[in-house]
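Here is how names work: the chains are called A, B, and so on, in the same order as the sequence lines, proteins then strands, and each is numbered from 1. In this text, all values refer to a predicted model and were calculated from it rather than measured experimentally.
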Amino acid sequence: MDKILDQLNPEQREAACHIDGPILILAGAGSGKTKTITTRLAYLLSLGIDPANTLTLTFTNKAASEMRERALSMIDNPVYPPLLCTFHKFGLLFLKFHIEKLGRKNDFVVIDTDDKKRIIKQIDKELPTALVASEISRYKNSLIHPAQAIAQAEQPQYKKIAAIYQTYQEYLVENNLVDFDDLLMLTHELLEMDEDLRKSVSDRYRYIMVDEYQDTNELQLQLLKKLCDSHTNLCVVGDDDQSIYGWRGANIKNILEFPNMFDDTKVVKLEHNYRSTEEILKAANLLIQHNRSRLGKTLISTKGKGKPVEIFQSSDENEESDKIARAIKQLIDSGVAAGEIAVLYRINALSRSLEEGLNRAGIAYQLVGGVRFYERAEIKDAISYLRIIANSHDDFSFKRVINRPKRGIGKATIDKIEKAAYEKHLSLYQFLSETPKTELSKLLSKKAYASINRFINDLEILQETLERSTMEFMEMFDSAIGLKAHYASLPDGMERVLNLDEFYGLFRDMIKKNPDMSLDGFLNEISLQSDQDQIKGEQISIMSVHASKGLEFTHLFVIGMEEEFFPLLGDGCDMEEERRLGYVAMTRAKETLTLSTVQSRFHKGRRKQLEKSRFLTEAGLLQGALSIEKSTGYKKGDLVKHKLFGIGRVLEVSRAGRDYKLKINFGGNRRDILSSFVEKV
DNA sequence: TGGGTCACGGTTTTT
DNA sequence: CCGTGACCCA
């Protein structure tokens with residue numbers, strides 16, 4: 001038992017050994033966070049706690065599988081695996097068992113963001129789909145039902161969005177679809193309305209752990225509270241300084257106020273950093289100290305002084321990328337493995353000039369992020385076919401693929417079929433396969449009729465084959481549909497064909513490993529899976545700062561260190577979150593860190609003169625008095641909001657020790673207020 | 001039905 | 001500048 005804990009430092013051990021009651025583990029970058037919580041899980045099990053009584057929640061599948069592997073390798077006799085999965089996977093499992101209590105069937109289909117947008121577009125074409133989609137997410141994540149949304153909407157635009165939300169939700173229920181937010185929202189709903197269920201679920205999961213707690217949103221917090229109904233054994237791990245998902249609903253208050261929300265919370269800080277040199281940590285620490293909303297932590301290096309952080313200054317983006325390419329070449333020539341090198345940027349648009357520079361220098365690289373495997377059009381087509389075959393009610397998938405490959409069926413024909421099917425209360429597929437041929441041929445044009453007949457026929461043959469043998473079904477699937485052939489004929493088709501092959505390969509693998517798995521099972525399995533886009537070690541990586549979270553590189557470059565790009569300014573800019581992003585970027589580096597800044601950059605069709613990023617000065621890397629206004633983010637004339645005094649206008653900004661003082665005019669009343677007590681409006 | 005052209009707008013991303 | 005989506009015509 002002690003062997004398990006031997007590997008930990010005193011703070012890590014203190015955190016891992018805490019069993020009962022709430023605990024917040026504040027784990028700084030590179031402080032051995034995963035090691036600590038996987039050890040804690042292994043420790044709990046080594047004490048004889050039933051794995052079935054534990055629940056460990058993460059945000060990504062990657063984190064879940066990594067933790068599972070590490071925890072299980074520490075226990076001698078893994079009895080059966082403890083539940084360790086993403087929040088959404090937990091919701092999915094839960095709903096499979098309990099959604100019937102909400103009057104819905106458990107053969108629901110999980111739709112992704114892309115599907116969601118398509119449905120929204122069907123309902124409304126006026127408002128931007130992306131906006132509506134994110135507002136619906138906001139509603140769901142704040143536990144607001146369509147009726148409430150409609151009742152509280154004031155502006156005409158929001159009235160419209162709330163109405164779309166209602167129609168959207170009705171559409172989901174009618175077609176038995178569930179979106180990502182529903183996986184959590186419906187789970188919460190069930191736990192809220194059914195006291196017995198809540199009690200039994202909470203009794204079962206007596207030891208709950210949450211990874212990356214700084215990224216939780218309101219809904220996730222509420223869900224956790226329900227899961228902790230009959231106990232308070234909640235162990236959350238995170239780093240408030242690495243909260244970089246505020247824009248998608250993560251609420252940093254969840255971690256900042258955790259000790260106030262749960263009584264008798266134990267707080268453990270992990271501040272020993274096992275990743276970066278002193279020079280790198282010094283800069284990162286200085287930078288993050290400029291933030292006010294934080295619990296406060298200073299990383300301590302265990303790796304020695306190291307090389308100073310280097311600054312590259314160039315006139316434009318071409319010079320910048322050439323400099324970086326040259327530096328990378330030197331590293332590689334001196335024997336550094338390419339996988340140890342990465343370049344980060346704040347926005348994806350900056351990858352272009354960088355890629356050009358790397359290409360000029362003949363350096364192979366891989367771009368991490370971008371379009372994910374399961375979101376590629378060709379893969380979603382194949383999945384849609386599988387969904388129709390598994391579930392003949394899935395009109396949504398049906399419409400996606402009815403004309404892919406091209407069958408000469410356009411909007412007009414689809415409208416006709418939809419209308420007729422609607423009148424008979426049948427799904428599209430049912431309607432087309434059950435309606436007598438004579439009747440169908442009257443409804444449709446000759447060409448469309450013949451084409452649809454063939455289509456339905458192919459699907460029926462596939463369905464019959466599936467009943468006999470999944471393997472046989474898979475063998476004939478593509479040739480029956482003609483997806484590969486379709487994509488092969490397109491100009492950029494080669495890669496898409498390869499992707500389809502990979503997908504079919506995945507499917508076959510899954511069947512071989514799990515001969516009993518049904519098509520339904522397979523579809524469920526992949527609905528929450530993003531490709532584990534593993535980084536191939538033999539190339540240098542380039543990616544956004546967001547994509548780099550959780551990774552580390554021996555030699556790291558960050559480009560675009562200019563005001564406007566990093567920090568990325570614009571409306572709704574949260575300077576503290578930008579600073580946390582800067583902190584995340586810097587703390588990815590192990591041995592050398594190079595920050596690059598240019599005088600001008602070509603962006604959105606024009607060249608712009610730029611100033612050096614304030615983060616360079618804040619991190620103590622560049623001299624130069626920064627104007628007070630810039631470092632606070634407040635300037636004369638800004639509107640700010642105070643808890644008690646309400647909205648006021650800034651008249652003057654001045655320094656007050658480590659904080660800043662604002663002279664504010666609150667409706668005629670002038671007051672001096674410390675800047676951390678107001679927020680921008 | 002589907003290919004072609006033009007206007008517009010443009011952070012960060014996981015499930 | 002470059003990709004997407006709406007709209008128009010064959």
Exercise. Give a yes or no answer on whether the side chain of Thr38(A) reaches the backbone of Thr34(A) with a donor-acceptor pair at less than 3.5 Å.
Key: yes

Exercise. Report the C-alpha distance between Tyr205(A) and Phe90(A) in whole Å, list the side-chain angles of each, state the deciding distance to 0.1 Å, and finish with yes or no for ring-ring contact (aromatic ring centres under 6.0 Å, His included).
Key: CA-CA 12 Å; Tyr205(A) 299 113; Phe90(A) 176 76; 5.7 Å; yes

Practice problem: Describe, in one word, how the ring planes of Tyr245(A) and Trp247(A) are oriented to each other, choosing from parallel (under 30°), tilted (30 to 60°) and perpendicular (over 60°). | Solution: tilted

Self-check item: Contact residues, residues 175-184 of chain A to DNA chain B [heavy atom, < 4.0 Å]
Solution: Phe180(A)

Quiz item: Going by ring centres under 5.5 Å and near-parallel planes (under 30°), is Tyr245(A) stacked on dT14(B)?
Solution: no

Self-check item: Sole candidate of Asp107(A), Asn391(A), Asn106(A), Asp394(A) that passes side-chain hydrogen bond (donor to acceptor under 3.5 Å, both in side chains) when paired with Asn176(A)
Solution: Asp107(A)

Quiz item: Ring centres of Tyr168(A) and Tyr139(A) under 6.0 Å apart?
Solution: no

Quiz item: Once you round it to whole Å, what is the distance between P of dG5(C) and CD1 of Ile120(A)?
Solution: 14 Å

Quiz prompt | Any N/O donor-acceptor pair, Ser544(A) side-chain to dT13(B) base, under 3.5 Å | solution = no

Practice problem: Could you check whether Asn403(A) gets within reach of a base, just the sugar-phosphate, or nothing at all, counting any heavy atom under 4.0 Å? | Solution: sugar-phosphate

Quiz item: Tell me: CD of Gln214(A) to C1' of dT13(B), nearest whole Å?
Solution: 15 Å

Practice problem: Please work out if Phe87(A) contacts a base, only the sugar-phosphate, or nothing of the nucleic acid, heavy-atom cut-off 4.0 Å. | Solution: nothing

Quiz prompt | Mutual orientation of the aromatic rings belonging to Phe565(A) and His603(A) [parallel < 30°, tilted 30-60°, perpendicular > 60°] | solution = perpendicular

